[in-house]
Undergrad: 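This is the structure, below, for whatever I ask next.
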Amino acid sequence: MATLCSQAASAAEAVPVPGDVRAIDLTRSLDYYRNLQDRVAVSTAPGPDGIVRRIEVRSIDGTPAYWGVVALSNPGDEQIDRLLVSPFYRLSRSKLIWPDLGSSRIVAVTPSQGIAPERLPSRDADVFRITLDPGAVVTYVMELRAPRLPQLTLWEPDAYRNSVNAYTLYKGIVLGIAGLLAVFLTIVFVVKGTVLFPATAALAWAVLAFIMIDFYFLDDVLQINVSEDRFYRAASEVMLAVTMLVFLYAYLNLGRWHVRYSHALIGLIILLAALLAVAFAEPRVAAGIARASLAVIGGIGLILIGVLAVKGSDRAVMLIPTWALFVAWLVGAGQAITGGIVNDIVQPALSGGLVLIVLLIGFTVLQHAFAGGSVIQGPVSDVERAALALTGSGDPIWDWDIDRDRIHTSRSIERQLGLDAGKLQGSAVNWLEVLHPQDGDRFRLLLDAVVEQRRGRLSEVFRLRAADGHFRWFHLRARPIVGADGSVVRCIGTLLDVTDIKGVEERLLHDAIHDNLTGLPNRELAVDRLEIALNRARHEAAARPIVVALGIDNFHMVNEAHGPSIGDSALLTVARRLQRLMKPLDTLARVGGDTFAIVVLSERDPARVAALADEIRRQVRTAIAFGDHEISLTVSIGIASAEPGSRSAAELLSDAELAMVHAKRLGGDRSATFTPVLRRLAGELASLETDLGRAIAENEIRIECIPVHSLKDRTIAGFELLARWDHPRRGRIDPQATMHLAERGGLINELTLFAIERSAKLLSEWQELSPRDKPLFGWINLPAVGVMNNELIADVKAALARTELAPGTLLIGVTEGAVTENPELSAMVQRRLHELGAGLALDEIGAEWSAVGVLSGLAADAVRIRPARFRATETATKATMLKTVVALSHGLGARVLASGLEAETDAAEAAEAACDYGQGRHFGVAVNVDAVRRLLGRPLQKTGT
């Protein structure tokens with residue numbers, strides 16, 4: 001290294017060294033030369049003759065170093081020997097940030113005259129023996145490793161030896177207490193085993209390691225030089241912070257209910273543990289962060305303990321004195337490292353205080369853990385733990401004494417089964433009398449296996465017969481107890497009644513693969529059985545299955561006319577009739593609302609399958625009687641045969657359903673056999689649904705109007721408004737088919753909104769052409785179900801906001817099924833419609849009129865009946881029944897519209913029954929908007945409708 005220029009220094013003022021003084025603090029008497037130099041020129045302190053001399057000192061190895069100078073004088077007439085001592089580490093003034101972690105401070109000491117100082121061996125300080133002649137003034141030039149010395153003391157040798165011995169005794173006592181405490185808490189952790197003890201033991205070991213390093217005891221134990229490797233001191237401070245944090249978390253049990261505390265702890269531990277890696281590279285940074293973290297832990301801990309103590313936590317209350325002492329220790333340590341307290345006793349006192357804190361923590365933990373005299377102290381055996389669990393749970397006990405072959409069960413089991421006392425007590429073979437016949441052998445084999453194998457656990461469910469002959473399910477859970485000779489001496493456990501659980505499991509399993517209404521297999525089970533049949537046909541040359549799909553024609557009309565309960569009863573009747581036609585190999589399943597499927601394995605001949613389809617149609621056509629009324633149903637049938645190939649069960653069932661849908665399109669009450677062309681037709685239906693969405697968006701739907709006449713004066717009173725679609729390729733599509741396509745394609749809301757808005761606009765125009773006292777009304781039909789909701793209210797409100805209509809003239813027609821789907825919601829929708837100025841009409845009320853109760857809550861504005869449906873009975877004529885229905889409607893405040901009037905006689909009959917309006921072929925068929933304008937006497941105008 002390049003040689004730096006020497007720097008002359010002025011003469012130092014000599015410090016007198018009396019012969020009777022034990023120690024002199026030279027820390028403030030040192031003059032420092034902080035610039036790194038490989039040599040220094042110093043002017044000595046004036047001697048007795050007043051002469052100032054000049055000396056130059058080179059560094060030991062010729063490299064730049066720091067320098068310090070001190071001058072000493074011997075005013076006495078005797079030669080004196082003294083020890084120049086500079087400690088490696090001193091807590092006082094070591095600082096919080098970038099702390100001084102200690103090291104050898106002095107490389108060499110050069111006197112201006114006399115005997116050269118001798119370095120004495122020491123593991124915790126730089127010690128040099130110096131000799132001062134009588135009356136001599138000696139200037140000592142010290143080569144330093146650091147810019148400053150934390151402390152420099154001139155000791156009388158015997159006094160220094162006594163001081164070292166005194167501190168050695170104190171340090172030995174502190175180390176002994178810390179070591180015993182760490183070992184004791186570790187033993188308690190092994191015995192007790194709870195998380196609180198390892199945390200406390202870890203803290204004790206961290207404190208022991210910190211003190212061993214602080215007292216330089218670790219130098220002898222590990223044969224290392226702590227003063228030269230500052231990593232160990234930094235690591236000890238980091239571990240002290242980590243273990244204190246873990247102890248606080250474990251003692252206060254912060255993670256019991258709040259997992260976020262555990263996550264926060266893990267994150268903090270990871271950060272603090274990462275300081276160990278930092279300590280390798282830069283110990284001072286790691287130590288500074290650790291000291292700051294320890295202060296933060298003390299403050300946060302004080303707040304947590306205070307809050308939990310206020311909330312009544314016993315642990316927090318017990319820790320208050322100890323933590324208060326820890327906070328006081330932190331304050332004292334902070335005063336020391338910042339220079340507020342400068343004393344040789346501070347550092348050993350703080351180490352002893354740290355041991356005292358851990359001692360108090362240990363006492364607090366032991367007091368909390370063993371307070372109250374718990375039932376079991378220390379680890380318990382599995383048998384004892386099981387006994388405690390049984391005592392706490394109160395579950396019935398099952399105990400088999402193998403040597404005496406005697407089973408004991410709780411008396412509650414016998415009472416539950418209605419058995420005599422002692423019936424279940426006795427030999428194991430006696431249990432075979434009360435066990436279900438299918439469970440007896442399994443029970444015997446289980447007990448034999450436990451005895452022979454001498455291990456394992458019993459966990460078995462079996463049935464016991466009650467006194468009334470019924471069986472109840474019980475779950476036996478037991479384990480063997482092995483004696484000193486290795487043989488099983490008894491088997492003990494619990495016997496729980498799980499009858500209700502087994503019942504729920506069986507119901508859930510049954511409901512998962514069966515239809516809730518009919519009890520028949522559902523679609524999933526039908527597909528599974530069909531798949532099995534197809535696999536057998538492929539690999540075992542078995543009969544190929546034939547699938548028959550059945551759909552009841554117009555079943556929605558049954559629900560609308562008679563209500564869902566009658567509809568469900570009709571489905572049950574159809575299911576029972578179909579089951580009577582099934583053979584053992586066949587499977588009947590309900591695969592949809594009104595759709596059934598039959599997997600036929602008993603027949604191969606297509607002619608016989610066709611005969612089966614005809615018989616099914618004949619059975620379904622048989623009228624179903626409900627009280628005084630009868631319901632006649634028809635069914636459409638689709639047949640699909642499994643042909644050689646790779647079609648799956650789901651695809652085969654879908655083929656049969658396509659054939660069924662085709663039969664419905666042909667008019668219903670017939671059979672159709674699947675052909676590949678039907679798939680193309682299904683694709684065309686999907687194409688129609690897509691075209692309908694486009695037609696609605698592009699305003700291609702037209703309104704068709706059916707005139708409604710007043711039966712009193714035969715004038716036009718209003719119109720039924722239907723959405724009609726003229727397809728560009730397929731021509732006119734029936735309004736009902738249009739509605740059905742919209743339902744299938746999920747476009748019903750869009751079609752409904754279109755119909756309401758267009759109808760309101762037309763009705764507003766027509767009312768301008770009609771008398772003010774007799775405004776025309778418009779009747780708009782909505783789908784069967786799912787329309788009574790807030791969307792309907794919003795659509796009507798939007799339509800009425802754009803037009804001016806007479807109150808109550810826009811009638812929203814819904815079916816009985818739509819109302820009974822949710823009566824409370826329907827009543828709310830009806831009230832909101834009235835508030836908006838619209839009306840609610842109930843469509844297609846039959847002679848049986850199951851919705852009288854619903855109507856009374858709805859206060860419908862109008863109802864529509866079909867007189868042709870009314871039939872005379874033994875107790876009433878058709879006219880009487882018709883008049884009764886009309887009178888009931890009027891009594892509920894509803895106007896009555898009679899539909900299906902084909903001739904004048906029909907109109908007269910409706911008028912005689914007091915119906916308000918009439919509709920049918922007799923009064924005119926559906927016309928377009930232009931025809932309505934002509935009927936109202938207005939010239940033809942283009943409106944785009």
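Just so you know, these numbers use all the heavy atoms, side chains as well, and skip hydrogens, waters and symmetry mates.
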Undergrad: Would you say the ring centroid of Phe777 lies under 6.0 angstrom from that of Tyr917?
TA: yes

Undergrad: Just wondering, do Cys705 and Glu720 contact through their side chains at under 4.5 Å, heavy atoms?
TA: no

Undergrad: Report the residue from Asp553, Val620, Thr573, Leu571 that forms a side chain to side chain contact (heavy atoms under 4.5 Å, CB included) with Leu633.
TA: Val620

Undergrad: Can you name the nearest heavy-atom pair linking Gly900 to Asp906, along with the distance?
TA: O-OD2, 4.4 Å

Undergrad: Could you report the tightest heavy-atom contact between Pro867 and Leu901, atom names first, then the distance?
TA: CG-CD2, 4.3 Å

Undergrad: How many angstroms lie between OG in Ser759 and CH2 in Trp779, if you round to the nearest 0.5 Å?
TA: 13.5 Å

Undergrad: Judged by modelled atom types alone, do Gln919 and Arg864 share a side-chain donor-acceptor pair under 3.5 Å?
TA: yes

Undergrad: Heavy-atom distance under 4.5 Å between the side chains of Lys664 and Arg670, does that happen here?
TA: no

Undergrad: Answer yes or no: is there a side-chain heavy-atom contact under 4.5 Å between Leu840 and Gln830?
TA: yes

Undergrad: Would you call Glu909 and Lys883 a salt bridge, taking side-chain N to carboxylate O under 4.0 Å as the test?
TA: no

Undergrad: Considering only heavy atoms from C-beta outward, does the side chain of Trp473 approach that of Ile501 to under 4.5 Å?
TA: no

Undergrad: Please check this pair: side chain of Asp795 against backbone of Ala798, looking for a donor-acceptor N/O pair closer than 3.5 Å.
TA: no

Undergrad: Are any non-hydrogen side-chain atoms of Leu776 and Ile716 less than 4.5 angstrom apart?
TA: yes

Undergrad: Quick check on Arg608: does its CZ atom have over 12 non-hydrogen neighbours (other residues, nucleotides or ligands) under 6.0 Å away?
TA: no

Undergrad: Answer whether the closest heavy-atom distance between the side chains of Leu800 and Leu810 falls below 4.5 Å.
TA: yes

Undergrad: Could you report the tightest heavy-atom contact between Leu833 and Gly839, atom names first, then the distance?
TA: CD1-O, 4.5 Å

Undergrad: Could you tell me whether the side chains of Ser565 and Asp568 share a donor-acceptor contact shorter than 3.5 Å?
TA: no

Undergrad: Counting heavy atoms not belonging to Glu902, are there more than 12 under 6.0 Å from its CD?
TA: yes

Undergrad: Can you check side-chain contact (heavy atoms from CB on, under 4.5 Å) on Leu612 and Val600, steps first, answer last?
TA: CA-CA 10 Å; Leu612 173 62; Val600 181; 4.2 Å; yes

Undergrad: Would you call Arg617-Asp614 a salt bridge at under 4.0 Å N-O?
TA: yes

Undergrad: Look at atom NZ of Lys797 and say whether more than 12 heavy atoms of other residues, nucleotides or ligands are closer to it than 6.0 Å.
TA: no

Undergrad: Kindly indicate whether the side chain of Leu762, heavy atoms from C-beta on, has any atom under 4.5 Å from the side chain of Phe719.
TA: no

Undergrad: Which pair of non-hydrogen atoms, one from Ile639 and one from Ala659, has the smallest distance, and what is that distance?
TA: N-CB, 3.9 Å

Undergrad: Tell me whether the count of non-hydrogen atoms from other residues, nucleotides or ligands lying under 6.0 Å of CZ in Arg832 goes above 12.
TA: no

Undergrad: Are Arg529 and Val599 packed together at the side-chain level, in the sense that at least one heavy-atom pair is separated by less than 4.5 angstrom?
TA: no

Undergrad: Please check if atom CZ in Arg621 has more than 12 non-hydrogen atoms from other residues, nucleotides or ligands closer than 6.0 Å.
TA: yes

Undergrad: List the steps and the verdict of side-chain contact (heavy atoms from CB on, under 4.5 Å) for Asp861 and His834.
TA: CA-CA 9 Å; Asp861 297 273; His834 269 224; 2.7 Å; yes

Undergrad: Can you sort out the partners of Asp515 under salt bridge (charged side-chain N to carboxylate O under 4.0 Å, His left out), two or more places apart, ordered by chain and number?
TA: Arg590

Undergrad: Working to the nearest 0.5 angstrom, can you tell me the gap between Leu721 CG and Ile706 CD1?
TA: 9.0 Å

Undergrad: CG of Leu601 to CD1 of Ile546: how many Å apart, nearest 0.5 Å?
TA: 9.0 Å

Undergrad: Which value, rounded to the nearest 0.5 Å, describes the distance between Ile756 atom CD1 and Ile780 atom CD1?
TA: 5.5 Å

Undergrad: My understanding is that only residues two or more places apart in sequence, or in another chain, count here; which of them pass salt bridge (charged side-chain N to carboxylate O under 4.0 Å, His left out) with Glu704?
TA: Arg724, Arg732

Undergrad: Give me the atom names and distance for the closest heavy-atom approach of Pro545 to Leu534.
TA: CG-CD2, 3.6 Å

Undergrad: Show your working on side-chain contact (heavy atoms from CB on, under 4.5 Å) between Arg895 and His890 and close with a plain yes or no.
TA: CA-CA 6 Å; Arg895 294 168 286 174; His890 286 160; 5.9 Å; no

Undergrad: From Phe923 CZ over to Ser710 OG, what is the distance, rounded to the nearest 0.5 angstrom?
TA: 9.0 Å

Undergrad: Test side-chain contact (heavy atoms from CB on, under 4.5 Å) on Ile865 and Cys915 and set out the steps.
TA: CA-CA 9 Å; Ile865 64 174; Cys915 293; 4.0 Å; yes

Undergrad: Taking all non-hydrogen atoms of both residues into account, name the closest pair between Val547 and Leu530 and its distance.
TA: CG2-CD2, 3.7 Å

Undergrad: In Å, rounded to the nearest 0.5 Å, how long is the span from CZ of Arg758 to CG of Leu763?
TA: 14.0 Å

